[in-house]
Number of protein chains: 2
Amino acid sequence: MRDLLTHAVEDYLKTIYDLSLNYGRASTTQIADVLDVAPASVTGMVKKLTGTTPPLVEYQKHRGVVLTPDGEKVALEIIRHHRLLELFLHETLGYSWDEVDAEADLLEHVISDKFEQRIAEVLGNPTHDPHGDPIPTRDLEIPSHATLCLSHLRPDERGSIQRVRDTDPELLRYLSDHGVVPQASFTVTGFTSFDGNLTLLIDGQDKPVVLGTRITQQIFVEKE
Amino acid sequence: MRDLLTHAVEDYLKTIYDLSLNYGRASTTQIADVLDVAPASVTGMVKKLTGTTPPLVEYQKHRGVVLTPDGEKVALEIIRHHRLLELFLHETLGYSWDEVDAEADLLEHVISDKFEQRIAEVLGNPTHDPHGDPIPTRDLEIPSHATLCLSHLRPDERGSIQRVRDTDPELLRYLSDHGVVPQASFTVTGFTSFDGNLTLLIDGQDKPVVLGTRITQQIFVEKE
DNA sequence: TCTCAAATTTAGTTAAGCCTAAAAAAGGAT
DNA sequence: ATCCTTTTTTAGGCTTAACTAAATTTGAGA
Ligand SMILES: [Mn+2]
Ligand SMILES: [Mn+2]
Ligand SMILES: [Mn+2]
Ligand SMILES: [Mn+2]
């Protein structure tokens, strides 16, 4: 019954967890989009996940899918693997922060509990990954993390970058090239209402950087 | 055509490589034994491996299987992964030498070229794994390694341990507990012809250790 | 040479996880 | 209420890599 935790199952659960955080639930098409499979494949897998004992997901009539506590536990285990691996690849093996997500996506399903424990020790039981995302603890509690979106700030407000969505390597390279990295402090110096562009002056940088909403919606901050 | 390199295919090629080293070829039942699958499954896979372009193995019905140069290249790539990973787990993550084989068996199929390169660098481009087995170089040359079996030594001969078969964790723990580890020098102090038992006095150890043929056949040495 | 047990292959299934095409169900707009 | 578009499910199939059971081949000993 616990051997049902195939790579595919783990990726579905992780995806449902992420979507539920953002939307409260996960729809068939959203899941299909993220995992790059056909919607019909999602229906098939979701059926399987409701049929396990204990069930790993709950289907709510017209409201998509949410994880059961059991499903969430599995998702958090995989997310812990993923984020520890990202940090390990970055800190110990010298990967840049745009390269770690893809490799961690594969390794997360394969490493043992021992491997997880050892890299956590080597890294000093870290609380956040290279993109600022919180790493669930060993008993799967989630450290605090910022939820305020950069797109909501306006000129003259100051803050610090806390967290950046990690799935687009090109964006990550662009951001780090311009000093937009976790812990960087900044002042908002401009806002254009037509397109939502924000201008930021990062402390210690010469030039301000202009970011569109596609970008500012993927960055989370703390206000000063 | 190169996407045919599934985990299963890689494990078959690695197994055929190992068996060919020892027996010149690999029989269906030998492969089935090592991989713990049914002989019929081996026949099926072997057929698939002869049908690729280029073919990865050469096969005559009922006469066993050998790798083609292409198949050998793939096998050596996986073996490089495996042995680098073993050393990395041991040196960097503090695994003991009996724990590394199982974990490396899973990870070897998943790590990228970049991961391989990085751990090789961190380890200083090592030539041998924790059990003394040679690590193929980046261009898949095999460093020299001892082929003289400990079971062939006789009293008063001196030598040094070079290499130990790595698949039995219990044996590995027993050996390291008694100082039988790569680079250890020793003198043979006894031999019993009935059972082939050898008595070894390891330099720096108080007590001699008696090893049966089941053990001495899995240890390779260099004579002094 | 013949016989027979061991080794190997063939044939037919299974399970996972994906696919496409078509049917059905929602839900917004008229 | 009806239409229409989007979302979701159903139905049927494919591929990979296992399995079991039965058939076949091999090669060693009588
Ligand atoms: Mn994954
Ligand atoms: Mn991340
Ligand atoms: Mn393996
Ligand atoms: Mn080894």
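Values below: every heavy atom of this structure, side chains too, minus hydrogens, waters and symmetry copies. Convention: sequence-line order gives letters A, B, ...; per-chain numbering from 1. Just so it is clear, the structure is predicted and the values come from calculations on it, not from any experiment.
- Rounded to an integer number of Å, the gap from CG of B/Leu49 to P of D/dA18 is 11 Å.
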From CA spacing to verdict: ring pair (Phe, Tyr, Trp, His ring centres under 6.0 Å), B/Trp97, B/His131: CA-CA 7 Å; B/Trp97 80 332; B/His131 317 99; 5.7 Å; yes
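- Applying the 4.0 Å criterion to OP1 and OP2 of C/dT10, one finds that B/Thr43 has every side-chain N and O outside that range.
- The local environment of NZ in A/Lys223 is sparse, with at most 12 non-hydrogen atoms from other residues, nucleotides or ligands closer than 6.0 Å.
- Each of D/dA17, C/dT8, D/dG27 was ranked by its minimum atom distance to the side chain of B/Arg63; first place goes to D/dG27.
- Residue A/Thr29 places none of its side-chain N or O atoms closer than 4.0 Å to OP1 or OP2 of D/dT6.
- Going from atom OH of A/Tyr23 over to atom C1' of D/dT7 covers 16 Å, rounded to whole Å.
- Between B/Phe88 and B/Phe115, the ring planes lie perpendicular to each other; the angle is over 60°, past the 30° to 60° tilted range.
- Atom-to-atom, CD of A/Gln30 to P of D/dT8 comes out at 8 Å; the value is rounded to the nearest Å.
- Here A/Lys48 does not reach the OP1 or OP2 of C/dA15: none of its side-chain N or O atoms lies under 4.0 Å away.
- Proximity of A/Lys47 to the phosphate of D/dT10: a side-chain N or O atom is located under 4.0 Å from OP1 or OP2.
- For the pair A/Asp105 and A/Lys14, the salt-bridge criterion is met [side-chain N within less than 4.0 Å of a carboxylate O].
- Distance NE2 (B/His62) to C1' (D/dA28): 16 Å, rounded to an integer number of Å.
- Between A/Tyr12 and the phosphate of C/dC18, there is a side-chain N or O to OP1/OP2 separation shorter than 4.0 Å.
- Proximity of B/Ser41 to the phosphate of D/dA18: no side-chain N or O atom is located under 4.0 Å from OP1 or OP2.
- The side chain of A/Ala38 lies closest to C/dC19 when the candidates are C/dC19, C/dT8, D/dA18.
- The CD-P distance, from B/Gln60 to D/dT26, rounds to 11 Å in whole Å.
- Taking atom CE of B/Met45 as the reference point, atom C1' of C/dT10 lies 17 Å away to the nearest angstrom.
- Here the P atom of nucleotide D/dA17 and the NE2 atom of A/His7 are 14 Å apart, to the nearest Å.
- Proximity of B/Tyr59 to the phosphate of C/dT8: no side-chain N or O atom is located under 4.0 Å from OP1 or OP2.
- Of the candidate nucleotides C/dC18, D/dT20, C/dT10, C/dT10 has the atom nearest to the side chain of B/Lys61.
- Comparing atom distances between the A/Ser27 side chain and each of D/dT8, D/dA17, D/dT10 picks out D/dT8 as nearest.
- Rounded to an integer number of Å, the gap from A/Asp33 CG to D/dT6 C1' is 13 Å.
- For B/Ala40, taking side-chain heavy atoms from C-beta onward, the closest of the listed nucleotides C/dG17, C/dT9, C/dC19 is C/dT9.
- Taking the centre and axis of the six-membered ring of B/Tyr59, the NZ or CZ atom of B/Lys47 falls outside the cone set by 45° and 6.0 Å.
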